[in-house]
Amino acid sequence: MKYVLVTGGVVSGLGKGVTASSIGLLLQACGLRVTSIKIDPYLNTDAGTMSPFEHGEVFVLDDGGEVDLDLGNYERFLDIKLTRDNNITTGKIYQSVIEKERRGDYLGKTVQVVPHITDAIQDWIERVAKIPVDGKEGPADVCVIELGGTIGDIESMPFIEALGQFSYRVGPGNFCLVHVSLVPILHVVGEQKTKPTQHSVRQLRGLGLFPNLLACRCSKELDDNTKAKLAQFCHVPLPNVLTLHDVPNIWHIPLLLKDQKAHESILKELNLPGVATEPNLKEWTLRTKIYDKCHETVRIAMVGKYTGLSDAYLSVLKALLHASVAHNRKLIVDWVPAGDLEDVTYGEDPTAYRAAWSLLKGANGVLVPGGFGDRGVQGKILAAKYARENNVPYLGICLGMQIAVIEFARSVLGLHDATSTEFDPETKTPCVIFMPEGSKTHMGGTMRLGSRTTYFQVADCKSAKLYGNVSSVDERHRHRYEVNPDMVSQLESAGLSFVGKDETGCRMEIVELASHPFFIGVQFHPEFKSRPGKPSPLFSGLIEAACEPKRTVTMLSNGHAKLPIGIYNNGHSPILKPHQNGNGFISSKSNGSLKGVFTNGNGVYVDGSC
C-alpha cells in the first residue's frame, strides 16, 4: 500500500480537501485504485451533532456514517463509496483506546499519548486503507490521507506525531507528503511573498514530517523566481513546487496538476513510475469545457434556514450543478432565508420580506432542503404553497417533503392546525411524527441513517421514470421524523400520491402531486449520491422542469415592462459567510466572489466544483 498525505499550513480554507481529491483523481486516471481517509482532530466522535454553522453540512455515507463534508468531495471526485471509518476523529481514537484500557488490553501499563494513541492512529489508517471502496475486490493501490486543520494546531499534535512515525513504519518509497500552503500577494508591492510558506514548512519539518511536494495557493501563477526560492528554502525539488492559482471553477484543479506533471512527481516518490500509465482525463476535460461554455441560465430558489453559509447545503449545491451542466445550463442559486418569507418579517423588516418573495417568484424552480428545528418552518410552508399553486417545479428533501405534506393538509384538506410533532409535540393534527425506533435521550447516531431501499408503488409516476423505470432505489437517509401513516389515506384521497414507500409499506419515502408539472418530495437525501457526469435523477428532473420556457414579460398600463418578480433594481441575495472548509479556489476576476459562489445582485452563480 502506498500513502499520500496532504497537510495544510499558514491558514485554513486553502482547499486541502479539493487538492486531496484532485490528487486522487489524477492517480486514478493513471490506472491506480485509490481510497481516501480524512483526519479531523476535533474531540467529537463524528460530525452528526455539529451545527452546520460550525462545520458545514454533515455528509452521510451508505453505512450511516455522519462524516465531514470533505468525504463528499472524495466520493464525488473519485466516484467511490467510503465507510464511516474513513473519517478519523480524536474522539474515535480516544474512545477506542479507553475501551481497550477498560477491557484490560494494556494491563499493567500506563496508557499514554505516545505510544498508545499514536499506535492506535497508525493501526486505524492501515486497517481502513485496505477496505475496498470502488466495488472491486482487494485493497486499493494508493490511500490519500488529508489531515484537517493547520500545522501548529494543538489538537493536531498526536496525529502529526503518529504520521511522522507512520512514514518510517511504511518505509521509503511508500509515503509521499504534499503540503498545501499560501503564497500571498501584498497589494502594496505586488510581490509574491514566500515567507509564510517557509515558516510553515520549517514548523512541519520540526515536527518530524518532511514535504515531498509543495502545492502553493496563490491568486496568480507562481513566478519562476518564487518557485526557485521556495525550492531552495523548503528543501523541495523545483519540479515539485506546484502552483494552485485561482481558477474559474475547481473542476480545473486536476487538470492544473496534470499540466504541471504532479503525477510524475508523486509516482516517483512512491516508486510507481513503471506501474502507472499516462493520466486519461479526457472525459473530465470535456465536462469542464462544457461547463465553461454554458451561457443559458436556470434559477433555483433555495429556501432554507442556513442560507448565510453555503457549506451548510454543499451537496445540494453540487447536485444542482451536476444536473445543470448535464442540461447545458449555468446554475444561479437564489438564497431565500425561509424566515424572511413569513408575515412577521413584513412587520419587522419589510425590505427583507419583499426581497425574499421577489427572489422566490423570480426563480424557475424551488428547492426546500433538509433541516431541523422550527425556525423558518412557516416560510418553507409558504414557499411550498407558492410552488404548488403556481405550477413552479418543486423538490422537497427530507424536511422539505414533510413541509409539502403539511402545506397540502392545511391548504387542501383544510386542517389548519396540521403540523409536525417536532414543531408542536401537543398538536392534535400530527401530519409528521417521531419515528418509534428513535431515541429521545441520545442525539448522536440515533437517527434513521444510511442507505435504505425505497419501493415504487406506482410504476408510471414521475420519480420512477426519472430513475429509469426501476422497481426500487437505494438512497441515503438522515431523519428522526416521518409522515404519519394514519393520515396517508386522507391525503391521497385529496390528490397527494405517496409513490414510494419502504419495505414495510408503512413509511412514506416519495410523494408526488400528479396534477403538477413537477412537485416531488423525498424523505431521503438524493444529493449525497450525485456525481459529475452522473447527476441525481431527481435533481436532473427538477432542472429539466425548470428549463421549460419562462413566463413572458407583461406590459403595465403605463407602458413600462413588468419585470419578473425577483429581478429588480436593488435586489440582493444574502451575503454568504466564509467558511474554513470552503474549496478556496475562486477566480480573482469574479466580483463579489466567495468560495466559488459568485454573487450577481439577485442570486449566486455556482462554480464547477464537484
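Since the structure is predicted, the reported quantities are computational estimates derived from the model, not experimental observations. All values below were derived from every heavy atom in this structure, side-chain atoms included, with hydrogens, water molecules and symmetry-related copies excluded.
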Side chain to side chain contact (heavy atoms under 4.5 Å, CB included) between Val4 and Val142, intermediate numbers included: CA-CA 7 Å; Val4 177; Val142 180; 3.9 Å; yes
Could you give me the CA-CA distance, side-chain angles and deciding distance for His179 and Ile151, then say whether side chain to side chain contact (heavy atoms under 4.5 Å, CB included) is met? CA-CA 10 Å; His179 187 58; Ile151 294 300; 3.8 Å; yes
Honestly, is Lys318 close enough over Tyr313, meaning NZ or CZ under 6.0 Å from the six-membered ring centre and within 45° of the axis? no
Aromatic rings Phe524 and Tyr467: how do their planes relate, parallel, tilted or perpendicular, breaks at 30° and 60°? perpendicular
Starting at CD of Glu146, measure out to CG of Leu5 and round the result to the nearest 0.5 Å. 9.5 Å
Test item: Phe77 and Pro254 side chains (from C-beta on) under 4.5 Å apart, heavy atoms: yes
Thr7 and Ile160, any side-chain heavy atoms less than 4.5 Å apart: no
Residue from Gln28, Met1, Arg33 passing side-chain contact (heavy atoms from CB on, under 4.5 Å) with Asp141: Arg33
Is it true that, when you exclude Glu283 itself, more than 12 heavy atoms of the residues, nucleotides or ligands shown sit nearer than 6.0 Å to its CD? no
Start with the C-alpha gap between His525 and Cys398, add the side-chain angles, then the distance that decides, and say whether side chain to side chain contact (heavy atoms under 4.5 Å, CB included) holds. CA-CA 7 Å; His525 289 264; Cys398 197; 3.6 Å; yes
Looking only at heavy atoms, which two atoms of Leu538 and Leu395 are closest? And how far apart? O-CD2, 4.3 Å
Hey, does Leu177 have a side-chain heavy atom less than 4.5 Å from the side chain of Ser167? no
Can you measure from CG (Leu270) to SG (Cys176) and round to the nearest 0.5 angstrom? 5.5 Å
Kindly indicate whether the side chain of Val316, heavy atoms from C-beta on, has any atom under 4.5 Å from the side chain of Glu57. no
May I ask you to decide whether Arg169 forms a salt bridge with Asp123, counting only side-chain N to carboxylate O separations under 4.0 Å? yes
Check: Val183 and Leu230 side chains under 4.5 Å, non-hydrogen atoms: yes
Working to the nearest 0.5 angstrom, can you tell me the gap between Ile117 CD1 and Ile98 CD1? 7.5 Å
Does a donor on one side chain and an acceptor on the other come within less than 3.5 Å for Glu126 and Gln122? no
Please examine the side chains of Asn212 and Ser265, heavy atoms only from C-beta on, and report whether any two atoms are closer than 4.5 Å. no
Report yes if the side chains of Pro532 and Trp251 come closer than 4.5 Å at any heavy-atom pair, otherwise no. yes
Among Asp259, Asp292, Asp246, which residue satisfies the side-chain hydrogen bond (donor to acceptor under 3.5 Å, both in side chains) criterion with His252? Asp292
Measure the CG-CG distance between Leu314 and Asn73 for me, rounded to the nearest 0.5 Å. 6.5 Å
NE2-CE distance between His477 and Met447, expressed to the nearest 0.5 angstrom: 13.0 Å
Spell out, as yes or no, whether a donor-acceptor pair under 3.5 Å connects the side chain of Gln192 to the backbone of Glu221. yes
Looking only at heavy atoms, which two atoms of Asp70 and Asp68 are closest? And how far apart? N-OD2, 2.9 Å
Determine whether Thr243 and Leu256 satisfy the following criterion, side chain to side chain contact (heavy atoms under 4.5 Å, CB included), listing intermediate values before the conclusion. CA-CA 8 Å; Thr243 299; Leu256 202 59; 5.7 Å; no
Say whether Asn87 and Asp46, considering side chains only, have a donor N or O and an acceptor N or O under 3.5 Å apart. no
Could you list the residues that satisfy salt bridge (charged side-chain N to carboxylate O under 4.0 Å, His left out) with Arg84, not counting sequence neighbours? Asp63
For Thr118 and Ala162, work out which heavy atoms get closest and say how close. O-CB, 3.7 Å
Between Ser315 and Arg76, do the side chains contain an N or O donor and an N or O acceptor separated by less than 3.5 Å? yes
Leu320 and its side-chain contact (heavy atoms from CB on, under 4.5 Å) partner, picked from Ile332, Leu542, Val325: Leu542
Kindly indicate, with the supporting measurements, whether the criterion salt bridge (charged side-chain N to carboxylate O under 4.0 Å, His left out) is fulfilled by Arg531 and Glu75. CA-CA 8 Å; Arg531 304 284 185 266; Glu75 286 205 344; 3.2 Å; yes
Heavy-atom closest pair, residues Asn86 and Thr83: OD1-OG1, 2.7 Å
Mind listing the closest non-hydrogen atom pair of Ser36 and Leu82 along with its distance? O-CD2, 3.9 Å
Over all atoms of both residues, closest heavy-atom pair of Gln260 and Val241: OE1-O, 4.4 Å
Does any part of the side chain of His327, heavy atoms only, come nearer than 4.5 Å to the side chain of Val298, both counted from C-beta? no
Is Arg217 reaching over with its side chain to a backbone N or O of Leu244, donor-acceptor style, under 3.5 angstrom? yes
Measure the spacing between CD1 of Ile266 and NZ of Lys2 and express it to the nearest 0.5 Å. 13.5 Å
